[in-house]
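The structure appears below as structure tokens.
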Amino acid sequence: MKDLGHWVLRTSQDVKFEVVETTGLLDPANPLLGQVPGMSGIHGTRLAVLDEAVDSLFGSRVREYFGSTATPVSYMTLPAGDENKTIENVLRVASRLKEIGTERAGTPPIALGGGVVQDVVGMASALYRRGIPYVRVPTTLLGQIDGSVSAKNGVNFEGCRNRLGTFHPPPLTLIDRAFIATLPERQVRSGMGEVLKMALIKDGELFRLLEEFGPVLVQERLQDTGPLTRDRKPGREVMHRAITGMAEELEKNLWEKDLRRIVDYGHTFSPAVEMGSLPGVLHGEAVAMGCLFCAALALNRGLLSQSEYDRIAQCIHQIGLRPTHEMFFDPEFLERALADTLRHRGGAQHLALLTGIGSTVFVEDLSDSEITSASQMMRKL
Ligand code: NAD
């Protein structure tokens with residue numbers, strides 16, 4: 001053995017990526033959309049991938065924008081919805097990147113759409129030439145407050161959520177709240193499910209804003225256009241608080257070396273419900289139910305007070321989200337969901353439970369009987 005070599009390579013990577021809020025993103029006077037992060041000019045054709053709904057609502061303005069910049073852009077559209085978050089769609093994007101001659105750095109593709117299109121284009125960019133930069137323009141509430149600061153992408157595979165995916169943050173994400181103005185109300189409510197999660201795990205003031213303004217935020221699609229909101233701008237504040245909270249949590253554990261993540265609150269049982277009902281329950285809808293189920297677990301353990309539990313249930317109701325689903329009535333299904341999540345958390349439960357509104361603790365010893373009790377509470381809702 002003494003003649004055999006042994007090499008150890010150790011390196012680290014300094015990662016910086018920016019999320020920039022703007023207004024009038026599609027106004028040709030706003031240079032942000034045409035920017036190539038880290039480069040001074042364009043070297044070839046860029047691919048713009050548009051969510052089908054975004055294409056029909058904003059496609060002509062996007063084309064006008066790039067027409068006015070003289071940037072060569074090739075366009076493709078993709079269907080949204082989790083049933084379309086597939087490896088086949090990743091490969092469709094990769095084929096287009098190859099067809100138009102996308103370079104390693106100078107022609108980053110642009111993804112305009114919700115979380116699904118962001119994930120598909122993000123994964124294609126991660127795989128193409130072993131990783132090219134891309135620009136993210138999230139157009140849904142969920143995409144703007146959650147996906148926008150994430151380093152991850154992924155597609156659903158063989159009935160499992162995000163089973164294939166990579167870590168590949170884009171250097172630039174552009175947020176324009178005006179996109180939310182055209183979002184169907186149900187999608188706004190779904191996005192509010194993730195806002196609620198952020199509030200519950202670390203931001204009591206955000207929760208208070210949801211309690212005070214929840215219905216009007218949904219109705220106005222966070223545009224702060226009505227008499228109640230014009231001056232106080234709760235839409236802007238809710239959005240900023242949610243993004244800030246998410247960014248704080250992700251930055252300290254971007255590669256998820258620590259599998260105890262409070263941002264996974266409400267995401268332990270919900271993936272099975274979401275995938276089991278596809279396309280019946282939207283992501284944020286399932287998360288809100290998962291949040292309430294975990295609040296019930298915390299209540300039964302004496303971690304959370306009855307009044308706090310009631311406020312959470314009431315807030316979900318006010319936002320117009322369904323508090324429960326028949327899959328939460330089946331303890332054995334929930335035990336299987338927990339077992340599957342355990343495989344994602346290194347074999348440990350690492351289950352975040354609330355100790356109040358805005359604070360959490362991790363538990364590792366959740367029992368089947370606790371799941372059964374909380375499941376019975378979900379049935380009664
Ligand atoms: P989605 O992408 O399916 O979009 C929801 C619907 O809104 C679609 O019908 C879409 O066509 C439409 N739409 C998009 N923008 C619109 C606009 N401005 N006006 C009108 N309609 C518009 O769903 P989503 O809720 O945005 O995202 C959910 C997905 O995001 C899930 O798959 C989730 O896993 C993923 N996600 C990923 C991360 C991550 O870290 N990578 C984070 C959060 C969510």
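Indexing begins at 1, ligand by ligand and atom by atom, following the structure's order. Since we're looking at a predicted model, the values are computed, not measured.
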Verdict with reasoning, F333 to F269, per ring-ring contact (aromatic ring centres under 6.0 Å, His included): CA-CA 9 Å; F333 172 81; F269 302 92; 9.4 Å; no
Parallel, tilted or perpendicular: rings of H168 and Y134 (30°, 60°):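 Y134 vs H168 ring planes: parallel.
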R379 atom CZ: more than 12 heavy-atom contacts under 6.0 Å: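 Check fails, neighbour count at 12 or below.
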Contact residues of ligand 1, where a non-hydrogen atom lies under 4.0 Å away: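 Within the 4.0 Å shell of ligand 1, which is judged on heavy atoms, sit D51, A53, V54, L57, F58, A80, G81, D82, K85, G114, G115, V116, D119, T139, T140, L142, D146, G147, S150, K152, R161, N162, F179, T182, L183, P184, Q187.
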Matching residue for R241 among M198, M246, R236, E205 - test: side-chain contact (heavy atoms from CB on, under 4.5 Å):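 That would be E205.
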Those residues that, when tested against R96, pass salt bridge (Lys or Arg N to Asp or Glu O under 4.0 Å) (two or more places apart):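 Partners of R96 under the salt bridge (Lys or Arg N to Asp or Glu O under 4.0 Å) test: E99.
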Donor-acceptor side-chain pairing of H267 and E194 below 3.5 angstrom: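 Looking only at side-chain atoms, E194 and H267 do form a donor-acceptor pair, the distance falling under 3.5 Å.
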